[in-house]
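Remember, it's a predicted structure, so these values are computed and weren't measured experimentally.
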Amino acid sequence: MGVKQISKSLKASGNALGDHFYQLKVLSQKDIHDGAYENFHKKLKSLNVDAIKVSELEIFQINIGKLCNQTCSHCHVDAGPDRKEENMSFETLERCLYLIKTYNFKKVDITGGAPEMNAYFRWFVEECTKAGVEVMVRCNLTIIMANKKYHDLPDFFKANHVHVISSLPSFSAMRTDAQRGDGVFEDSIAALKMLNAVGFGQEDSGLIIDLVYNPSGAYLPGDQKSLEAEFKRQLKRKFDIVFNSLFAITNLPVSRFLDYLLETGKYLDYMHELVGAFNPSTLDGLMCKNTISISWDGFMYDCDFNQMLDLKFTGKAKHIDDFDFEEILNRKIIVNNHCYGCTAGAGSSCGGEIA
Amino acid sequence: MANYFNSEDLKKFGNITEFQKPMGDKFFEYYTEVFKEGALTVREKSLIALAVAHAVQCPYCIDAYSSDCLKKGADEEQMMEAVHVAAAIKGGATLVFGVQMMNHVKDNTM
Ligand code: SF4
Ligand code: SF4
């Protein structure tokens with residue numbers, strides 16, 4: 001049926017939150033007089049944690065562009081069909097490939113936007129696969145149905161042994177469409193069936209499709225194992241769909257989710273919920289400890305969230321042209337109040353729970 | 001007292017230990033135990049709680065367990081089905097007394 005865009009990106013609609021400075025201002029609590037919460041830095045200090053340090057450089061995550069066929073209401077990238085300018089060039093992808101090979105990154109995690117919309121996406125995946133690197137693609141599912149030229153993506157993913165990771169916030173249309181746009185659920189189900197048909201999620205196929213769950217509102221996700229069991233039961237029962245694992249991810253107060261929180265007056269309550277659920281045992285599993293995140297224009301960040309807030313690497317090397325392995329390995333990770341989203345409850349990362 | 005029900009009071013539920021600590025503590029310990037994953041999943045327990053909340057018409061519990069059901073991954077359809085279960089039992093419990101009424105009528109009429 002096709003996806004109907006629910007709204008423009010914050011940037012295109014001239015919303016102040018389209019600017020990362022404004023987001024950082026909100027997160028800094030400078031304008032909050034009543035009900036402020038403890039700053040993340042202070043929280044770490046109270047635990048005698050000076051800084052979050054890198055453990056290893058394992059995952060090379062690329063945000064290949066902000067162009068997307070959807071405009072999900074929680075999107076921390078502020079992606080959408082109107083974000084045509086921010087798209088990684090061939091030269092930048094070539095440089096990424098060189099770094100991945102030279103420094104033996106084990107995994108490449110390609111995200112966006114809808115990464116498949118980048119003109120060099122397939123070339124890049126093939127080159128990574130040839131180099132023996134595990135490729136993860138954050139596929140929004142509906143892109144497979146969006147246009148004839150994408151219908152063969154399941155076969156392409158299969159040929160390259162891509163680990164597909166896809167968002168599905170609910171096993172029912174009402175909740176999914178409210179968050180991701182009208183028609184998204186129907187197309188997502190159709191795409192999942194196509195992925196299942198070529199072997200993804202099927203036992204012993206070795207082809208992995210994991211689903212990502214995130215709450216459709218200002219609350220923390222429930223227990224990952226329990227959600228996974230329910231999604232498996234419901235998707236099988238309703239649509240005969242199978243998948244491997246479900247990652248439960250917390251919405252971080254960044255970009256469009258921050259906008260939602262402010263617009264609905266839920267910002268402070270949500271932050272207090274995150275702060276109240278702070279769990280120190282998540283600190284060892286934070287994704288910024290083993291991942292670097294590259295923006296479409298080649299700048300380097302600790303994670304995709306820091307990227308959207310334009311908090312570039314500490315140290316001299318901020319761009320992939322100046323990549324300095326030792327400096328990057330020994331850098332301090334930049335934390336701010338949005339990090340409470342990664343440390344609440346069972347914790348949250350691109351791979352779901354961490355504690 | 002301006003309002004009998006104030007949604008902000010829900011956050012103060014834990015304060016009931018202020019006036020009677022041992023019993024309050026025992027209640028919350030029991031409550032926590034009840035809602036742990038067991039033979040029933042945490043989601044099933046949350047849906048039962050939502051149904052009971054409607055049956056006992058407790059606005060605090062309706063708020064709390066609407067949120068909790070969402071958190072535990074229940075969807076709107078499941079939540080409304082749970083409310084229908086409560087309604088059916090409440091309706092049935094009223095109607096079954098119709099038998100008593102009928103007995104009475106039959107006993108007292110020719
Ligand atoms: S959340 Fe993903 S699918 Fe949705 S708009 Fe953002 S990038 Fe696109
Ligand atoms: S948002 Fe999360 S992953 Fe990013 S720097 Fe903060 S704690 Fe690390």
Side-chain angles (χ1 to χ4, degrees), chain A residues 34-35 74 167-180 185 189 211-235 237-239 246-251 264-266 268-270 272-274 276-277 344-346 348 352-353, chain B residues 3 5-18 25 28-29 31-54 58-85:
Chain A
D34 266 342
H74 69 287
S167 284
L168 195 70
S170 173
F171 41 81
S172 66
M174 195 192 278
R175 182 89 46 79
T176 303
D177 289 2
Q179 184 185 123
R180 296 178 71 81
F185 187 74
I189 293 298
L211 295 184
V212 174
Y213 161 90
N214 70 299
S216 319
Y219 52 92
L220 280 168
D223 175 70
Q224 181 169 279
K225 269 266 150 304
S226 166
L227 286 165
E228 179 182 285
E230 182 66 353
F231 268 70
K232 285 202 165 166
R233 186 175 83 88
Q234 295 285 3
L235 288 177
R237 181 180 77 85
K238 290 178 160 183
F239 310 104
L246 180 113
F247 303 152
I249 289 186
T250 302
N251 292 311
T264 54
K266 293 184 166 78
L268 270 181
D269 277 350
Y270 187 66
H272 281 289
E273 188 173 352
L274 295 184
S348 181
E353 286 184 358
Chain B
N3 293 306
F5 287 109
N6 182 350
S7 58
E8 285 299 305
D9 285 348
L10 181 57
K11 290 183 193 146
K12 299 178 198 153
F13 186 22
N15 299 352
I16 62 154
T17 53
E18 214 176 282
D25 284 347
F28 284 118
E29 199 186 315
Y31 197 100
T32 310
E33 190 62 32
V34 165
F35 281 95
K36 278 185 185 157
E37 186 103 1
L40 293 171
T41 66
V42 288
R43 184 172 30 264
E44 285 162 343
K45 288 182 180 180
S46 191
L47 285 163
I48 293 170
L50 182 72
V52 175
H54 281 77
C58 170
Y60 299 120
C61 303
I62 292 172
D63 271 6
Y65 282 94
S66 298
S67 298
D68 195 61
C69 281
L70 288 173
K71 218 175 204 177
K72 301 279 158 56
D75 73 352
E76 286 85 343
E77 208 181 345
Q78 292 173 322
M79 287 162 71
M80 192 51 94
E81 278 187 20
V83 175
H84 276 293
V85 171

Measure A:Phe231 against the heavy atoms of chain B and call it side chain, backbone, both or neither at under 4.5 Å. neither

Heavy-atom distance under 4.5 Å to chain B: side chain of A:Pro221, backbone, both or neither? backbone

Residues of residues 66-76 of chain B with any heavy atom under 4.5 Å of a heavy atom in chain A: B:Leu70, B:Lys71, B:Lys72, B:Gly73, B:Ala74, B:Asp75, B:Glu76

Residues which pass ring pair (Phe, Tyr, Trp, His ring centres under 6.0 Å) with B:Tyr31, listed by chain and number, not counting sequence neighbours: B:Phe27, B:Phe35

Part of A:Ser226 within contact of chain B (heavy atom distance under 4.5 Å): both

Are the side chains of A:Glu230 and B:Glu44 in contact, using a 4.5 Å heavy-atom criterion? no

Applying salt bridge (Lys or Arg N to Asp or Glu O under 4.0 Å), name anything that partners B:Asp63, two or more places apart in sequence or on another chain. none

Quick one: list whatever passes salt bridge (Lys or Arg N to Asp or Glu O under 4.0 Å) with B:Glu77, sequence neighbours left out. A:Lys238

